[in-house]
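What you see is a predicted model, and the numbers here were worked out from it, not measured in a lab. Chain naming here is simple, since letters A, B, ... match the order of the sequence lines and numbering starts at 1 in each. Reckoned from all heavy atoms, side chains included, excluding hydrogens, waters and symmetry mates.
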Protein chains: 2
Amino acid sequence: MNQKQLLRPRADASVLGAPLAGFNTADAVVYLNHLERERASATLASLPLPRAVKLLEAPELQHAAELVAALPPARAAALLGLMADDRATDIVHELDQDARARLIPLLDPEARRSIQLLLSYPPNTAGALMTTEFVSVPADWTVGQTLQHIREVERNRETVYAIYVLDPDTGQLQQVVTMRRLITGAPDDPILDVAQVNPPVTVGALLDQEEVAQLIRRHDLLAIPVVDAQRQLLGIVTVDDILDALIDESTEDVHKFGGVEALDRPYMQIGFLDMIRKRAGWLSVLFLGEMLTASAMQHYEDALARAVVLTLFIPLIMSSGGNSGSQATSLLIRSLALQELRLRDWWKVAVREVPTGVVLGTILGVLAVIRISVWQLAGLHDYGEHWQLLAVTIGAALVGIVTFGSLSGAMLPFVLKRLGFDPASASAPFVATLVDVTGLVIYFSIAAAILGGTLL
Amino acid sequence: MNQKQLLRPRADASVLGAPLAGFNTADAVVYLNHLERERASATLASLPLPRAVKLLEAPELQHAAELVAALPPARAAALLGLMADDRATDIVHELDQDARARLIPLLDPEARRSIQLLLSYPPNTAGALMTTEFVSVPADWTVGQTLQHIREVERNRETVYAIYVLDPDTGQLQQVVTMRRLITGAPDDPILDVAQVNPPVTVGALLDQEEVAQLIRRHDLLAIPVVDAQRQLLGIVTVDDILDALIDESTEDVHKFGGVEALDRPYMQIGFLDMIRKRAGWLSVLFLGEMLTASAMQHYEDALARAVVLTLFIPLIMSSGGNSGSQATSLLIRSLALQELRLRDWWKVAVREVPTGVVLGTILGVLAVIRISVWQLAGLHDYGEHWQLLAVTIGAALVGIVTFGSLSGAMLPFVLKRLGFDPASASAPFVATLVDVTGLVIYFSIAAAILGGTLL
């Protein structure tokens, strides 16, 4: 079988591709996602190349890498070569070593070069997100020359709405021209006449995607150029790539905050064992941490035996610490992600969280004292002769624990960031576990101080 | 003072605006954010109108509405009239009744009409996000006519990269032309020659912004048209508005999941009392719910007095239920937000969560049995003569509680959605509280069954 045959639609094309004829890309992707892996791959193989490229580029297509791996290698390489290089890189990134080794040598040299460049950047950075398919022109061109150039290359560029003007001698990025300004120029005008006045906003290839998103948003851009130390243009990150990245990241953040490893595909499509693996890890780690509560309780077993009434409020007190901690964590995770706060601002936050925690703890403490008094006085439950002291103990413990919970919940994202982790890894269950053990110690210490000599 | 004077920069313009002269918009916004409210407003008043408009349109500018309210009314109205109508609407939306009543009559009629239209849509919908400043042309125009029209109106349009082609008789939306295709056409070509083949993807004005984002992403659009039932074009939602909306929404979602009312401004800028208010509400509600644990414990007080050893494991067991619940909730919140799952799929999820919970609970149960056995056999703690039965009780309770936690955590977002709430309101603390009370009942029931006659 020679290469030409591989690139041509196969004999059964009319049968396999037929149901797709009337579909737009989004609908065709839904259809492919519902087919078995093998059949979907055969369908992709049977479609005309441009159509297949469009489908593979759709972010909603599932198992794209596996579909590509199942194609005849020459056809797979042809498709990857025609795809936008950032999307092609995503697919190559997910291929196993074998498939990668098989396909990369078959790529045309230009595609191979840009895919290998993009593969070299860590995930979630500007470099990994960018495309090398941008429009650039030398600074000595005219508006007319530029427009003509765009008409010629338009089909192979991810966006043509930002045009990058390079110094003709050094190749350094000099200015950016937007298409909306370009079309207002006369054909003979120098391109720099329609360029923006301010120097272009650029990013380095290793900048985190969330910061790239912030810059794109702040400067209202459709794309942001990625440059190296010599101001050579490496690529551009477009707003739609950032949109995809942010949607994925916000899913990841919610998963992490819930204490699960981020799922890389929709809930219903994860295998049962995979699902267990994603959840059991953190759940077991938290469980091992929470075992310290059993040890703490053992330490106070004598006190508990003497005053069983103290145990009645353990769940109530501990959950309040965890809840106030998870509130504070959620606030600080976002503040750090949005760069409203820097690492060095931790003490400003600490200084706010302590009085906040005291007030919140006092509110809950008052509620608890009311609850105990009402039950006791209305005869709903008998907390014993020292019920007033008990109520004071519970109230005071709540102030201490909620303050401690707010403070540690707020500091946790800073600690994680300082240690080089993503602050968003601070999950609600993690905070709760952290606060639970200390919460018990606070509770029993306060109980010993207030009830010593009476109940204890 | 007549209107002309108000619109002209004031006498001290050179002083107030001076530091801004060399700044680009983003930097100028940072500068304004650091000024006192009154001074920032005076600075805005002193700038040339186009500059002031740019700053007011920046999504990063804080307290924009208050700054506008503090301007001389005629100048405020002039600025609002020149701003992109969606941004102007955001500001008007935040003004208090008085300021609104004062400013709206001063707006020029066109701006007033579009702001009042946009104000009429509920927040977070396509209607509230859209701009009415788009480019539309009749279907019988040529490429050249269209380009000329764009050159004339370009400065007053939010985007010119998607051109909406309307039926010349009915005014209905007929096709979309992208700028990149438009410039490939010859000036005399009919505009429809360069239009897309597929009918345009449109949305209704009441569609939720997250669904709008999904459509924009799936179809790789720079803007999506919003139409009414008669296919009349009401406005367009651009990808950068969606980007802003999504960043805000993901902050809100994390806050809600942490159990806080969403903050509407950065952490350090919320007043102390506001911060207490945003947190105390949910914290108190959760506390009242969690009081049920005290009631449940009271119910089992006799059992606790007889077997104090049972209390040692209460925090461990309860937190495991909460943790597994918060995992499941975080997974389902995102699946519902991304529309991977519909309301009617709840039973498919339930059918998955029960076996998942059983396996996860068994893993934790085995860990607990090992922990108790090791401590007992190594002499680290004496759990009494029935320690084997105790270990079995703890293990079995974990299976029951983790299964219950996973199932209820997964169902909660569905229940909220069914009741018309945002599934993302299901917070980790809320799930934990829900599971805690039931968890205690499960624990003591299993204890009674296994330990009845021995310890109990």
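Contact of A:A337 with chain B is not made at all, since no heavy-atom distance falls under 4.5 Å. Proximity to chain B is absent for every atom of A:A58, based on heavy atoms less than 4.5 angstrom apart. Contact annotation for B:L316: both backbone and side-chain heavy atoms come within less than 4.5 Å of a heavy atom of chain A. For B:E158, the part lying near chain A is the backbone, with the side chain staying farther off; criterion is any non-hydrogen pair under 4.5 Å. A:T362 does not touch chain B: none of its heavy atoms, backbone or side chain, sits under 4.5 Å away. A:H219 touches chain B through its side chain: at least one heavy atom from C-beta onward sits under 4.5 Å away, while N, CA, C and O do not. A:M179 touches chain B through backbone and side chain together, each having a heavy atom under 4.5 Å away. With a 4.5 Å cut-off on non-hydrogen atoms, A:P199 does not touch chain B at all. Of the atoms belonging to A:D244, heavy atoms from both backbone and side chain fall under 4.5 Å from chain B. Looking at A:T329, there are no atoms closer than 4.5 Å to chain B (heavy atoms on both sides), in backbone or side chain.
At least one cation-pi condition fails for B:R334 and A:Y267: the charged atom is not both under 6.0 angstrom from the six-membered ring centre and inside a 45 degree cone around its axis. A cation-pi geometry, defined here as NZ or CZ lying under 6.0 Å from the six-membered ring centre and within 45° of its normal, does not hold between B:R371 and A:F287.
A salt bridge links A:R217 with B:D248; the closest basic N to acidic carboxylate O contact falls under 4.0 Å.
If you tally non-hydrogen atom pairs under 4.5 Å between each of B:E152, B:Q148, B:Q269, B:R181 and chain A, the highest count goes to B:R181.
Aromatic ring orientation, B:F257 versus A:F257: perpendicular (interplanar angle above 60°, classes split at 30° and 60°).
For A:S284 against B:L367, the heavy-atom pair with the smallest separation is CB-CD1, 4.0 Å.
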